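The structure appears right after this line, and notes come after that.
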Amino acid sequence: MCPIRIKILTKMAPSTDWDEIKRLAADFQKAQLSTTAQRLSERNCIEIVSKLIELKLIDVIFTIDGKEYLTPQQLIREIKDELYVRGGRVNTVDLAKELNVDLNQINLNVTEIIKGKEVQLVSGSLIAHYYLEKIAREINEKLQLQGQISVGDLTLQYDLPADLLQHGILEKYLGKIINGRQDPSDPRVFYTEEYINRTKAKIRGALMGLLKPTPINLILSHCNLTERLFMYLFDQLNAPGVLTGRQSGALYVPSCYTKSQNDWVINFFKQNNYLEYDALTRLGISDPKGYVKRVLSNENITFLSSCTIGSQIKQQLETALEECIASKSYLDVVSLLPSVLSDEDIENVLDSLLKNNSSTMLFDKTVFSNQYIENLKQACLPLAQKNAESVVKSGKYQQFYLEKQLVKNEAQQSHVDHKAERREERRKKASSGKGGGGTQGRETKTKAVKKHPRSKQVVQDSDSDEAPSAKKTPSQLEIVKVEDIENIIKEPLENEGLDDLVTPISEYIQGHLNQTALAIAKDLSEKLLQDANQNRKQTHSSAQDKINILVNDIKLYEKGLKLFPSDQQVQFIKYLLKSFGGDVLSEFCKYAANQSNLSVPVDNLSVEQRNKIINDLPDDYMKPIRALNTTLSEHNMEQFYQAVDVCLAECGMILKKVDKKKDRLLVQNHREKLISEIENCDEPALVLHLVVLVLFTVLSQNMLHASGRQVPLIIAFLKSQLKDEDFDKVQKYHELVAKYLTAADDEKETIEEKLREDLPLLKSLVAEVKKYK
């Protein structure tokens, strides 16, 4: 039989049934107290209680094992009893285990317990007010013993929330149970007055014993203090020094150290007339410039990037500079300045020294008088004369002048087009009115903006003839080289111990001397052009012979490329017209230029030079030659031949008929020339190119003009013409060349060795093919 604790719900039973229930309860109790023979069985008890619960006549709580019933009031009493037994703090989980009741029932009834102010639920635990008072007494004992406590340490010790400890215990019982005071800078820390007084004495003693700047961290470590407490108490002390900051890396500077520091700085400046920032930093001065301004406020000083100098040093420099100009010599500034000055400082001193002085020039850190540099320049004038004559005779100056004129004309045309566009834009704006008021609106005046002189200098540079939007002019022609000037002035400068300045002085002189040489070259070129105008005509037969040879070669090459499929012929035609067609166009340009009194400075014309000449030709020559130039990009041989015929007719030339026998001789000579080039060539890719051209000529008896890109097409064509073993040699060598061109650097050496190893086999293939052909 198990004991059963029940509570009868009187509110749920009507008055007529209450007597019956009381009788039932009395019988039930009597049965419990009776002997075994008179008691109800456990099964009957359970059935009776279950029936009462079913009828909602009683409200009971089952235990976890189901062997007991408990009323809510009894559970609350037992929870309070358990809380008292445990000293005022018990966890709800522990309560559930101890009372053998489900945790949910504990949580439901806890709300009734914590309605008053004497018990509170904190982090799953019931805590009574007398438990908090007990903790307050324990904390007070600990505080009196240690001198200070923090909420963080108490949190770990008592396993309670920090807010409860601070607000519910420390602050609540401070001055009542807890004797101490709260730190104003950190409310989570509490001290005793005795601890504060002891700490002040400790700090004062430590600071009094210091003679040099000391890191705060070191003081804190020595005194076993926290930084926050030190900073709080430092303000209450009359310390014999100051703090450089309030951070952990700050220093404490004693007053005796500051005094000795000031004395050293003043004495050093009086003796040397300069102060180095690094030296001041090593003395513990964090702001050297501000410190110097404060200590030497009555001195005339100049602040540089690494140091400060006084007026005496500047006076010495000015005196030495006047002597340098008077003696037409040079001045080594470094020897007059303190060795601690950096290169940037020296440049700043020299800039201020030479700011309004036009009689000197600066190279590195040495000042030269203008006359000294002029003497060196005069010694180089014969070199400028000689080089100017040489560059005019070689035609380099004429080519440079032609390119410059080409860019100038393009710039002028662009400038004219730009002005026309702006004029048209202004006209449109004028027709639509100004200021948003239509054509009848008031016009608003706009303030003219003055152009910056520096921007004007960029546009109208004396060495540039172009407009701002034009193409960049060709680079300046270098007639006199720096190396040649160095050879002339090296000896006199080395005698003065200035050998390290030979190059910068030579570069300066070269810029001015090159302008002089250009002027000389211009005069010589104009004189040479006047002399050449008398004999400038090119013989008619010579130009005609050259054009005939070129056109005949083009036809022979065209015959060879027609052996390829039609879709592949375009590549060969494109390359043929670009090379040989361009040569034919150049011959027509040179002949027409001669006939039109135009200067042709070089024999081999570039595309830009041809276009320049075509644009400058009279209409009679310009139209047919320009039409010929157009056919070079159309890849049509018939149109090219037609354009050549028109140009020949305009120039009074004829295209001679070539004998077939001579064509065979030309093919044979072309083949022998290629074979000779193969024998003298050791470049794998070039040898492969020449070999496939020779094989094509030998096997087809036709010439072929092709670039390296067409080599795979020619090899494919030769497959049906060569023996299998010979074709395999060519194909494998081509694969090696292609692999070499795309291989990584670490693989190229191995492939190159294999290419050079197979090179004799490839060369010998030409002779073998000639034999079996």
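Predicted, not measured: the structure shown is a model, and the values here were computed from it.
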Exercise for review: Just do the ring pair (Phe, Tyr, Trp, His ring centres under 6.0 Å) check on His705 and Phe572 with the steps written out, would you?
Suggested key: CA-CA 7 Å; His705 187 61; Phe572 293 97; 9.8 Å; no
Check your understanding: Do Phe640 and Leu628 pass the side chain to side chain contact (heavy atoms under 4.5 Å, CB included) test, and can you show the C-alpha distance, the side-chain angles, and the key distance before you say yes or no?
Key -> CA-CA 7 Å; Phe640 172 75; Leu628 177 61; 3.7 Å; yes
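No side-chain N or O of Asp583 forms a donor-acceptor pair with one of Asn604 less than 3.5 Å apart. In this model, a donor atom of one side chain and an acceptor atom of the other lie less than 3.5 Å apart for Gln710 and Ser707. No donor-acceptor contact under 3.5 angstrom links the side chains of Thr697 and His670, judged on distance only.
Looking at heavy atoms from C-beta onward, Val694 lies out of side-chain contact with Glu672 at the 4.5 angstrom threshold. Between Arg610 and Val607, some side-chain heavy-atom pair lies under the 4.5 Å cut-off. The shortest side-chain heavy-atom distance between Leu718 and Val730 does not fall under the 4.5 Å cut-off. Under the 4.5 Å side-chain criterion, counting only non-hydrogen atoms from C-beta, Leu674 is in contact with Glu677. Contact check for Val551 versus Phe580: no side-chain heavy atoms found under the 4.5 Å cut-off. Counting heavy atoms from C-beta outward, Met703 and Arg671 have side chains that stay 4.5 Å or more apart. A 4.5 Å side-chain heavy-atom check between Asn702 and Tyr557 finds every atom pair outside the cut-off. The shortest side-chain heavy-atom distance between Leu690 and Val687 does not fall under the 4.5 Å cut-off.
Between Lys623 and Asp619, none of the side-chain N atoms (NZ, or NE/NH1/NH2) sits under 4.0 Å from a carboxylate O, so this pair counts as no salt bridge. By the 4.0 Å N-to-carboxylate-O rule, Arg756 lies close enough to Glu752 to be salt-bridged with it.
For the atom pair CG of Leu376 and CD1 of Ile509, the computed distance is 5.0 Å after rounding to the nearest 0.5 Å. Note that NE2 of His635 is 11.0 Å distant from CG of Leu576, once rounded to the nearest 0.5 Å. Remark: Leu736 CG to Leu688 CG distance equals 10.0 Å, nearest 0.5 Å. Here the CG atom belonging to Leu585 is positioned 9.5 Å from the OG1 atom belonging to Thr630, to the nearest 0.5 angstrom. Separation of atoms CG (Asp728) and CD (Glu735) is listed at 9.5 Å; rounding is to 0.5 Å.
Between Phe727 and Ile715, the shortest heavy-atom contact is CE1-O, 3.2 Å.
A 6.0 Å sphere centred on CD of Glu749 holds no more than 12 heavy atoms belonging to other residues, nucleotides or ligands. Shown here is Lys578, whose NZ atom has no more than 12 heavy atoms of other residues, nucleotides or ligands within 6.0 Å. Residue Lys559 places its NZ atom among 12 or fewer non-hydrogen atoms of other residues, nucleotides or ligands, all under 6.0 Å distant.
Side chain of Gln609 to main chain of Ser606: a donor-acceptor pair is present (N/O by atom type, distance under 3.5 Å, no hydrogens or angles).
Taking the six-membered ring for Trp and the full ring otherwise, the centers of Phe696 and Phe564 sit less than 6.0 Å from each other.
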